[in-house]
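A note on names: the letters A, B, ... follow the listed sequences, proteins ahead of strands, and every chain is numbered from 1.
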There are 2 protein chains.
Amino acid sequence: MAKQIPDIVIGRLPVYLRALLQMSQEGRQVTSSQELGERLGISAAQIRKDLSQFGEFGKQGTGYNIEFLANQVKEILNVNRVWDIAIVGAGDIGRALAGYNGFSERGFRIQMIFDNKPELIGTQSGPFTIKDSRTMKEEIQAAGIKMAMIAVPATQAQAVTDQLVEAGVKAILSYAPVNLNVPPGVHVQNIDPSIHLQRMTYYLE
Amino acid sequence: MAKQIPDIVIGRLPVYLRALLQMSQEGRQVTSSQELGERLGISAAQIRKDLSQFGEFGKQGTGYNIEFLANQVKEILNVNRVWDIAIVGAGDIGRALAGYNGFSERGFRIQMIFDNKPELIGTQSGPFTIKDSRTMKEEIQAAGIKMAMIAVPATQAQAVTDQLVEAGVKAILSYAPVNLNVPPGVHVQNIDPSIHLQRMTYYLE
DNA sequence: TAGATTGTTAATCGATTAACAATC
DNA sequence: TAGATTGTTAATCGATTAACAATC
């Protein structure tokens with residue numbers, strides 16, 4: 001079994017990757033742990049330590065080749081391929097996600113979007129025709145989709161989650177403001193703007 | 001000066017609060033650190049430890065009164081009041097945020113939304129008329145708004161941030177996929193779905 | 001060569017957990 | 001009273017930082 005990497009380290013890698021790709025777009029060739037750290041507000045030592053968990057990617061005296069390191073991090077994170085994604089919920093948030101063009105360049109491709117509202121089913125959301133939730137499990141399974149984003153009301157989120165798990169989905173990004181329970185081996189990330197806001201109000205007057 | 005509370009503890013409080021309010025809606029009166037922990041996937045000891053940083057809110061043998069504890073946590077987090085918020089960027093995400101009705105019950109009120117696109121300025125987004133970004137600093141300052149959400153392209157995010165800081169904004173929730181630099185005393189939280197997704201692909205096959 | 005920066009070790013710092021007296 | 005659960009202390013565990021030899 002491979003060495004166990006702390007999840008907190010995994011959580012920082014996508015941030016490093018985003019910064020590297022941005023530097024690359026700026027036409028830069030080389031960077032250092034110090035420069036990266038300054039951009040991100042992270043210590044240089046931590047960046048070197050994090051990367052050293054996976055191998056040696058730099059050169060003493062010169063630093064890191066940006067393109068090379070970005071590719072290595074992509075490989076570590078498993079995003080040197082395309083992941084198909086299903087969206088559940090075609091309200092404002094679901095449709096905004098369906099129309100977001102930032103996914104393709106980061107390794108993701110929206111494949112389908114579902115809703116249970118009769119008035120939405122069959123209508124267009126950008127390039128997608130909104131599908132009936134009742135066919136969800138079947139279609140996701142048939143397509144072999146492993147990742148989903150949930151944008152349904154809190155009250156429906158757990159039921160949707162259970163169905164996605166049954167369909168073989170292994171990673172869920174949830175926009176529903178509720179805690180989801182999943183079996184071991186299924187991963188969940190939550191995005192709830194109120195939670196993020198409340199985390200900052202503590203520090204305000 | 002008050003005792004320094006770890007930021008990681010502050011980060012868990014909104015999650016506790018959300019669970020407490022949900023229990024309250026379910027008609028429950030009392031809970032325990034153990035039950036809360038099971039719901040949230042957090043150890044009971046950690047919940048007790050976190051809360052003990054701020055006072056004694058429970059009763060030995062019986063646990064915590066849900067409504068009382070929720071109110072205490074609201075007070076700690078400074079959300080026993082209403083915070084006015086400005087949204088910058090009236091694209092899909094900005095408009096979805098403007099139309100999201102989950103904010104009011106969590107202590108937040110959207111006050112205004114801005115964009116710099118001539119074809120959007122003056123049009124409606126739900127109950128709001130989209131305002132011209134050029135008046136942003138002035139209007140935010142005049143209204144005394146301290147919190148903002150940014151939903152503009154990555155390329156514009158830092159410039160918008162700088163203006164918000166100038167206008168006196170102290171807390172920013174950014175949906176732009178880029179790292180923002182702010183002076184001390186200004187708080188930033190980032191929401192980038194690709195980052196959350198990439199954090200999970202590591203664990204997938 | 002001299003300067004810069006890595007990868008890594010050891011030291012420090014901080015967070016989590018276990019355990020239990022206090023007490024409802 | 002007996003059972004349950006808190007608040008807190010001490011022990012454990014894990015993450016971050018400082019420092020430096022190696023070396024480009």
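Defined by atom type and a distance below 3.5 Å, a donor-acceptor pair is missing between the side-chain atoms of Asn78(B) and Tyr203(A). With hydrogens and angles left out, the side-chain atoms of Asn190(B) and Tyr175(B) include no donor and acceptor closer than 3.5 Å. Side-chain contact, Ser125(A) with Arg95(A): no donor N or O sits under 3.5 Å from an acceptor N or O.
Contact annotation: Ser43(B) reaches the phosphate of dT17(C) (side-chain N/O to OP1 or OP2, under 4.0 Å). Regarding contacts with the backbone of dT5(C), every side-chain N or O of Thr62(A) stays at 4.0 angstrom or more from both OP1 and OP2.
The CZ-P distance, from Phe54(B) to dT6(D), rounds to 17 Å in whole Å. The CD1 atom of Ile47(B) sits 14 Å away from the P atom of dA18(C) (whole-angstrom rounding). In this structure, the CD atom of Glu38(B) is 11 Å from the P atom of dT5(D), given to the nearest Å. Summarising the geometry, the separation between CD on Glu35(A) and C1' on dT6(C) is reported as 15 Å, rounded to the nearest angstrom. In this structure, Ile8(A) places its CD1 atom 9 Å from P of dT16(C), rounding to the nearest Å. Atom CD in Gln46(B) sits about 17 Å away from atom P in dA19(C), given to the nearest Å. Atom-to-atom, CG of Leu69(B) to P of dT5(D) comes out at 15 Å; the value is rounded to the nearest Å. The interatomic distance linking Lys59(A) (NZ) with dA22(D) (C1') rounds to 15 Å, in whole Å.
Across all strands shown, dT8(D) pairs with dA19(C); the Watson-Crick or G-U wobble distances both stay below 3.5 Å. Base pairing analysis places dC24(D) opposite dG3(C); the two distances defining the Watson-Crick or G-U wobble pair are each below 3.5 Å.
The side chain of Gln60(A) lies closest to dT6(C), out of dT17(D), dT16(C), dT6(C). Between dT17(C), dG7(C), dT8(D), one nucleotide has an atom nearer to the side chain of Glu56(A) than all others, and that is dG7(C). When the nucleotides dT17(C), dT6(C), dT6(D) are ranked by their closest atom to the side chain of Tyr64(A), dT6(C) comes out on top. For Lys49(A), whose side chain is taken as the heavy atoms from C-beta onward, the closest listed nucleotide among dT16(D), dT5(D), dT6(C) is dT16(D). With dG7(D), dA18(C), dC24(D) as the choices, the nucleotide that has an atom nearest any side-chain atom of Ser52(B) turns out to be dG7(D). The Ser32(B) side chain lies nearest to dT5(D) when the options are dT5(D), dT16(C), dA18(D). When distances are taken from the side chain of Gln34(B) to each of dT5(D), dT6(C), dC24(D), the shortest belongs to dT5(D).
Salt-bridge formation is detected for the pair Arg106(A)/Asp192(B): a Lys NZ or Arg NE/NH1/NH2 atom is positioned less than 4.0 Å from an Asp or Glu carboxylate oxygen.
Two residues are said to be in side-chain contact when any heavy atoms from C-beta on lie closer than 4.5 Å; Met112(A) and Ile87(A) fail this criterion.
Annotation: of the two residues near DNA chain D, Arg48(B) and Arg12(A), the 5′-most nearest-nucleotide partner is Arg48(B).
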